[in-house]
2 protein chains.
Amino acid sequence: MPTKKSAILKAMHETATGLHRAGVMDQVTLKEFDRLCLPPVKDLAPAAIKRIRQKERVSQAVFASLLNTSLSTVQKWEVGQKKPTGAALKLLHIVQDRGLDVVMHTS
Amino acid sequence: MPTKKSAILKAMHETATGLHRAGVMDQVTLKEFDRLCLPPVKDLAPAAIKRIRQKERVSQAVFASLLNTSLSTVQKWEVGQKKPTGAALKLLHIVQDRGLDVVMHTS
DNA sequence: ACAGCCGTTGCACTTAGTGCTATAGTAATA
DNA sequence: TATTACTATAGCACTAAGTGCAACGGCTGT
């Protein structure tokens, strides 16, 4: 059912994209957004973060640089001393789902 | 020349991918990474952040939710009261280069 | 033996991130 | 017209993430 859901979301997004590209929609407001019902970003356990990194076969230092963060931060994420939140958490999920290519082929 | 550079990086990355997929390379260490010479993530001016959001035609609230951050934070980014750093800054650059699709079609 | 990277730990500091409140402008509804 | 709702801004105060540094042991290659 995750595939089903994402398929629906994709269709809706494409539709919305077409609409505002046509100038029909001005801006995506909270109303339309609520209907998109974007899934809340789940927390990542320390072990999960470590797994994400090891799956990509990079050291903590390299991982940190790729995420534009510090070695110290990555270390504390993986030990559970600090918890990634906000944009950091989102970025980790993106890497988990799409791999490091997304973060490497930037600019 | 940015295209040239990214082409080289892409080729190197694909080569490296093939190598460690074959089990030849254990892990991407700092040595190999330094040769990749990943470009340092540049700061984003408040106006630049606002432009990124407006290009995607979303409100501050929607933009915040998509980046898994708070409305308050996005507002202060755009006014220059707070500066995005680390993973947040990286994520903003990704959105700038690839659009909001990357952040929407996750999970 | 030496140098270099990796991973862990501990300490201490700065500031980003967050929440809440209030304000003003705009658009659509009754 | 009144009212409802969304957007954007501003100000205040708190917490915790993010950062830097130093030291240690383990491992590898020269």
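Lettering of chains follows the sequences in order, A, B, ..., and the numbering in each one begins at 1.
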Between [atom2] of [N] and [atom1] of [X], the distance in whole Å:
X       : N      : atom1 : atom2 : result
A:Asn68 : D:dG18 : CG    : P     : 12 Å
A:Phe63 : C:dG7  : CZ    : P     : 12 Å
B:Asp43 : C:dA16 : CG    : P     : 11 Å
B:Leu71 : C:dT18 : CG    : P     : 11 Å
B:Lys83 : D:dA17 : NZ    : P     : 24 Å
A:Leu67 : D:dA17 : CG    : P     : 17 Å
A:Arg57 : C:dG7  : CZ    : P     : 13 Å
B:Lys50 : D:dT7  : NZ    : C1'   : 10 Å

Ignoring the backbone of [X], work out which of [options] is nearest its side chain.
X       : options                : value
B:Val79 : D:dG18, C:dG17, D:dA10 : D:dA10
A:Lys82 : D:dT7, D:dG18, C:dG17  : D:dG18
A:Trp77 : D:dG18, D:dA17, C:dG17 : D:dG18
B:Thr85 : C:dG10, C:dA16, D:dA13 : C:dA16
A:Ala88 : D:dG18, C:dG17, C:dC20 : D:dG18

*Nearest 0.5 Å please: distance from the CD atom of B:Glu56 over to the CE atom of B:Met104.*
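Going from CD on B:Glu56 over to CE on B:Met104, the span is 10.0 Å.
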
*When all nucleic acid strands are considered with a 4.0 Å heavy-atom cut-off, which category describes A:Ala87: base, sugar-phosphate, or nothing?*
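Nothing: the residue A:Ala87, judged by heavy atoms under 4.0 Å, touches no strand.
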
Does [N] have its OP1 or OP2 closer than 4.0 Å to a side-chain nitrogen or oxygen of [X]?
X       : N      : value
A:Arg53 : C:dG7  : yes
A:Ser59 : C:dC6  : yes
A:Thr73 : D:dG18 : no

_Partner residues of B:Thr73 under the side-chain contact (heavy atoms from CB on, under 4.5 Å) criterion, sequence neighbours left out_ =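 Scan of B:Thr73 (side-chain contact (heavy atoms from CB on, under 4.5 Å), adjacent residues dropped) gives B:Thr69, B:Ser70, B:Trp77.
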
*Residues in side-chain contact (heavy atoms from CB on, under 4.5 Å) with A:Arg98, at least two apart?*
A:Ile94, A:Val102, B:Val102, B:His105, B:Thr106

*asked:* Between B:Gly86 and B:Glu78, which residue's closest nucleotide on DNA chain D lies nearer the 5′ terminus?
replied: B:Glu78

_Nearest heavy atoms of A:Leu71 and A:Ala61, plus distance in Å_ = CD1-N, 3.7 Å

*Closest heavy-atom contact between B:Val58 and B:Arg53?*
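Shortest heavy-atom contact: O-NH1, 2.9 Å.
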
_Donor/acceptor link under 3.5 angstrom from A:Lys90 side chain onto base of C:dG17_ = no

*Under-3.5 Å donor-acceptor pair between B:Lys76 side chain and C:dG19 base*: yes

